[in-house]
Amino acid sequence: MTTRRHLLTRSAAIVGAASTGLLLPEIARAQGTKVRVGLMLPYTGTFAQLGVAIENGFRMALAEQGGKLGGREVEFFKVDDESDPSKGVENATKLVQRDKVDVLVGTVHSGVQMGIHKVARESGVLSLIPNAGVHAATRALCAPNVFRTSFSNSQPTRALGKVMVDKGHKNAVWITWKYAAGDEALEGFKEGFLAAGGTIVKEMSLPFPNVEFQAFLTEIASLKPDAVACFWAGGGAAKFIKDYAAAGLKDKIPLYGSGFLTEGVLDAAGPAAEGIITTMHYSDSLDTARNKAFRLAYAKSFKAQPDVYAVQGYDTGLLLVQGANAVKGDLANKAALYAAMEGARIDSPRGMWTMSKAHNPVQDIYIRKVENKENKVIGVAAKALADSGAGCKMG
Ligand code: PHB
């Protein structure tokens, strides 16, 4: 009897809603429930700080919308991916199958991203990449439901080589971690440096996340290149900068890098970081109202200075907000959701950027120099730089 009455009431409500033309029943249901957002980020290990900054930025963009996505409340599900590629598929599967997330935000490490990517391609769940630059995600394995808001691994270093040659450095040692992010950063560096007339004397690498740099620094001292270029990030970056100075190399052989080298580490690295020149799609000192307002609001909310990772997290939120608003919270309307995200113009603290056909940012790359614990802009290395998206076929 109760069941029957319940059914009658429910169908009467549906007929009522439909006849007034207000809402279709499915949309009414969808909008009544919370959007389930999965955060798969590193909260431990050498990239722990990066994960926190990304989450802070993401939450800040949602907070600007009263905490809502297309009018719906949001519920978060979190996994610490530990930057461990061997657990990537398992962790992403937990969020998709157990927690039934509508959108998966993650991650930092390119190897872990490949695990997320496999799950995203197989399940069709919306996947937003707030950092990891692994080429495959927006090249040969690109997918309609996968969008990156950060960079491709070769984007920040592509413009670095010319900057170095312009400063008179004709030969250089390259050093990094041996995994996709390091290998692909080298690919970008090599292209630009060789084209500008530079020579790479030696390519050096350590397995991720090792930080035993001493033997390499000794070898660099004996090779005496004009300069050193590198990719490091997080805790490893802070240690490399300090070890490089402690080995007596700082004033003899200038150190350059993709900008991650000096992101979020300037307090930890102290004077050892002063003067380092890098290329990157963001700079603390960008003199725009947008950047200044963002930095002020972030510092107020989180009692910390934002870095490029915070900006990427924030932009991931901005992109999702644009998509969700376009479909009024009905994230199941995938065609319209993806179309809105593909056409999005993101008014970011880094400057305005758009989405390439392969779903990777088209963005300006700045030249920065560390001065008084700040990444100061000293020039623009590339305007509206797009990744090649080589091999990407959507659909
Ligand atoms: C990556 O693994 O893709 C990666 C990690 C940290 C960075 C940049 C790229 O800062």
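Every number for a ligand or one of its atoms is a count from 1 in the order of the listing. The model shown is predicted, which means the values in this text are computed figures rather than measured ones. FYI, side chains are in, hydrogens and waters are out, and symmetry mates aren't considered; it's all heavy atoms of this structure.
Distances below 4.0 Å separate heavy atoms of Ala233 from the following atoms of ligand 1: 6 (C), 7 (C), 10 (O). Remark: ligand 1 atoms within the under-4.0 Å shell around heavy atoms of Gly133 are 3 (O). Within the listing of ligand 1, atoms 2 (O) sit less than 4.0 angstrom from a heavy atom of His109. Within ligand 1, the atoms closer than 4.0 Å to a non-hydrogen atom of Asn131 are 4 (C), 5 (C), 6 (C), 7 (C), 8 (C), 9 (C), numbered from 1 in the order shown. Near Ala181, the atoms of ligand 1 lying under 4.0 angstrom from a non-hydrogen atom of the residue are 1 (C), 2 (O), 3 (O), 4 (C). Atoms of ligand 1 found under 4.0 Å from any heavy atom of Phe47, numbered from 1 in the order shown, are 5 (C), 6 (C).
The distance between the ring centers of Phe151 and Tyr282 does not fall below 6.0 angstrom. Taking the ring centroids of Tyr244 and Trp232, they lie at or beyond the 6.0 Å cut-off.
Looking only at protein heavy atoms, the nearest one to atom 3 (O) of ligand 1 is Ser110 OG, 2.6 Å. Ranking the protein heavy atoms by distance from atom 10 (O) of ligand 1 puts Tyr309 OH, 2.7 Å first. Of the protein's heavy atoms, Tyr179 OH, 2.6 Å lies nearest to atom 2 (O) of ligand 1.
A cation-pi arrangement is not found for Arg98 relative to Phe77, the charged atom failing to lie both closer than 6.0 Å to the ring centre and inside a 45° cone about the ring normal.
Not counting sequence neighbours, Lys100 has no partner by the side chain to side chain donor-acceptor pair (under 3.5 Å) test. For Ser110, the side chain to side chain donor-acceptor pair (under 3.5 Å) test picks out Asn153, with sequence neighbours left out.
Contact annotation: for Phe151 versus ligand 1, heavy atoms closer than 4.0 Å belong to the side chain alone.
The residues Asp99 and Arg36 are annotated as not salt-bridged, no charged nitrogen and carboxylate oxygen being separated by less than 4.0 angstrom. A salt bridge between Lys373 and Asp267 is present, with a side-chain N of the basic residue lying under 4.0 Å from a carboxylate O of the acidic one. A salt bridge links Arg139 to Glu187: one of the charged nitrogens lies within less than 4.0 Å of a carboxylate oxygen.
In this comparison of Leu50, Thr46, Val108, the heavy atom closest to atom 1 (C) of ligand 1 sits on Val108.
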